[in-house]
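Sharing a structure below in structure tokens format, with a few things to ask.
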Amino acid sequence: MPSVQELSSPQYDGYLTKHGGSGIKSSWRRRWFVLHNNVLYYFASPTAVKEKGNIPLSVYKRIEDFKQKKFAFQLSCDDPKSRAYNIYADSEDEKNKWIDAIKESISPAVQQNALVGRPASKSVSKRDIQQKKICTLFINISEARKLPATDVNGKSDPYMIADAANCQVKTRTIYKTTDPFWGEDFHVEIADTYATDPAATIKFTVWDEDKFTKDQLIGHVCLPVRSLADGKLHEQWYPIFPDSYKVYVSGDIHLHITKTSQHVTVRVLEGRHLASKDANGLSDPYVRVQYGSEKYRKTHVIRKTLNPFFNEEFIFNREKDYETVHIACYDWDRVGSNEFMGEAHISLDDLEADVINDMWYVLMPMADTSRRERAMSEIPAPNQHAESPLGEVRIKLKYTEDIALPPTSYSSLMKLLTGPHGGKLSLNLEEILGAAERGQFS
């Protein structure tokens, strides 16, 4: 089994999310993929020394879109009894680059080159002529103070979960305290499109661990990613706000609505940045759609995500006395009642007739929520330091961008360093990297 480092000069590499397992154990996992010599290897990380598995493209030659997931494609073979690999990328552009690289890798000319030991055509290795931007969020969850006592002993057993770019990290639990100190660092790699998305947020939730019952959610802190664009280290105490089903909602829903004289058609496409309602920092969301006197319709439940993809359509008969479409998002729970995650009311008067109205709608609290609850649900600006009955958390955040050069930029440099005069070089690291970027090692 090769390591990532042993797969030199890959045809393409980067993060993808792969579906694995079966039944209740099935899940989507983010892996580091390396396309090399007509084999698609996948690893836990770019520094892993052992592969998690591989997909031989000499067998899995069929590649097509996977409609059930955004930015997804499927690899399969001619044998209908064999498994198919469902994979999705971070963006449509990245998906297309992977598909192009895989298609070129399995072409007869490239396979022949691999068999006879010749290097593949440069047109295949698109990563060789591209620089890769690596965007990273540094998160330090430091400590909390004045948390509420949730246990009978007058203390709590707190831990925290951070959710950014559909990736969750969790601290350890600190037992029997209302002033815990964690001091834990995390590095989360994100797409550069996420870093520039004005709606993108980092969601922190504070939990109390319970041994015999469901862990109790204490509250949340939600911060915009764009506030970190200056690249500086941001360190601050943030008040914790309540996260009850009536008080806190988050995110928006993407809809296609078409109105005609006869029908109202609502296609629920996807949601993004929804509220976390479960102990794992995620939710199991579904959407209810209601119009007129007909009974509401609902989408399927999408498990363990804050960015669900539904793509489900509902057609209602047009009624002249009804001019509002109501949508509501809920978190499905196996035990107990489903939790409200937000709603939106869309007036048909605001929509064009006989065309698809493509819009994102912000989820709002329940219409009957009291003014006090509405005020508490609002996220404060970072410079506001309000006293919170749920306590405060100290968090450090930093956004960084790095450029990774293609492997071929270093091939001549490695020969130079490992050659007979390698030990006599006097260049410093900055000079070496600068020369590699300019292509001066040849």
Side-chain angles (χ1 to χ4, degrees), residues 1-20 28-134 189 191 403-412 414:
M1 292 185 178
S3 65
V4 176
Q5 289 73 21
E6 291 171 343
L7 299 175
S8 58
S9 299
Q11 293 162 257
Y12 209 79
D13 59 9
Y15 275 110
L16 292 170
T17 303
K18 184 184 75 70
H19 190 262
W28 292 89
R29 293 188 180 275
R30 190 170 172 85
R31 300 297 188 198
W32 180 262
F33 278 75
V34 178
L35 177 58
H36 186 271
N37 280 352
N38 209 33
V39 179
L40 194 56
Y41 299 89
Y42 50 94
F43 302 82
S45 71
T47 58
V49 296
K50 184 179 179 181
E51 68 177 69
K52 287 287 186 180
N54 65 76
I55 305 172
L57 299 179
S58 58
V59 177
Y60 290 86
K61 299 179 181 180
R62 298 173 59 183
I63 181 169
E64 53 192 356
D65 285 341
F66 183 62
K67 301 295 186 182
Q68 299 179 26
K69 199 79 174 177
K70 196 174 182 181
F71 312 140
F73 58 92
Q74 184 181 83
L75 291 171
S76 60
C77 63
D78 295 331
D79 184 0
K81 296 182 179 180
S82 297
R83 68 168 292 185
Y85 291 90
N86 300 322
I87 301 168
Y88 72 84
D90 291 332
S91 65
E92 186 69 24
D93 180 61
E94 188 69 9
K95 167 193 166 183
N96 292 333
K97 289 179 180 178
W98 271 106
I99 291 177
D100 289 344
I102 292 172
K103 284 183 176 179
E104 293 184 25
S105 178
I106 62 180
S107 66
V110 175
Q111 292 184 34
Q112 181 64 24
N113 284 336
L115 288 172
V116 299
R118 296 198 305 267
S121 168
K122 288 187 178 180
S123 63
V124 175
S125 188
K126 293 188 176 182
R127 186 58 59 99
D128 286 347
I129 59 174
Q130 295 179 356
Q131 295 180 345
K132 180 182 178 183
K133 181 186 288 188
I134 300 176
E189 186 173 333
I403 299 296
L405 300 176
T408 51
S409 298
Y410 302 99
S411 57
S412 298
M414 293 304 298

Contacts of type ring pair (Phe, Tyr, Trp, His ring centres under 6.0 Å), residue Tyr60, not counting sequence neighbours: Tyr85
Closest non-hydrogen atom pair, Arg62 against Cys77: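 Shortest heavy-atom contact: NH1-O, 3.7 Å.
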State, to 0.1 Å, how close Asp13 and Trp98 come at their nearest heavy-atom pair, and which atoms those are.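 That would be C-CZ2, 3.6 Å.
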If you look at every heavy atom in Ala101 and Tyr12, which pair is closest and at what distance?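 Nearest heavy atoms, Ala101 then Tyr12: CB-CB, 4.0 Å.
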If we only count heavy atoms from C-beta on, is the Asp65 to Lys95 side-chain gap below 4.5 Å?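 When only atoms from C-beta onward are counted, Lys95 and Asp65 do touch, with a gap below 4.5 Å.
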Atom CZ of Phe73 and atom CZ of Phe66: how far apart are they, to the nearest 0.5 Å?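 Taking CZ in Phe73 and CZ in Phe66, the distance rounds to 12.0 Å.
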Can you measure from NZ (Lys52) to CZ (Arg29) and round to the nearest 0.5 angstrom?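 Those atoms lie 8.0 Å apart.
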How far apart are the closest heavy atoms of Leu35 and Ser105, and which atoms are they?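 That would be CD1-OG, 3.9 Å.
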State, with a plain yes or no, whether a side-chain heavy atom of Ile87 is found less than 4.5 Å away from one of Ile55.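 SC-SC contact between Ile87 and Ile55 confirmed.
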List the residues meeting salt bridge (Lys or Arg N to Asp or Glu O under 4.0 Å) with Arg30, not counting sequence neighbours, and say none if there are none. Asp90
Return each pair, listed once, that meets ring-ring contact (aromatic ring centres under 6.0 Å, His included) where at least one residue sits in residues 33-53; pairs must be two or more places apart or across chains. Phe33-Tyr42
Where is the tightest heavy-atom contact between Ile102 and Leu75, given as atom of each residue plus distance? CG2-CD2, 4.3 Å
Looking only at heavy atoms, what is the nearest atom pair of Gln74 and Asn86, with distance?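 Closest heavy-atom pair between Gln74 and Asn86: NE2-OD1, 2.8 Å.
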Arg31 CZ to Ser45 OG distance, which is reported to the nearest 0.5 Å: 9.5 Å
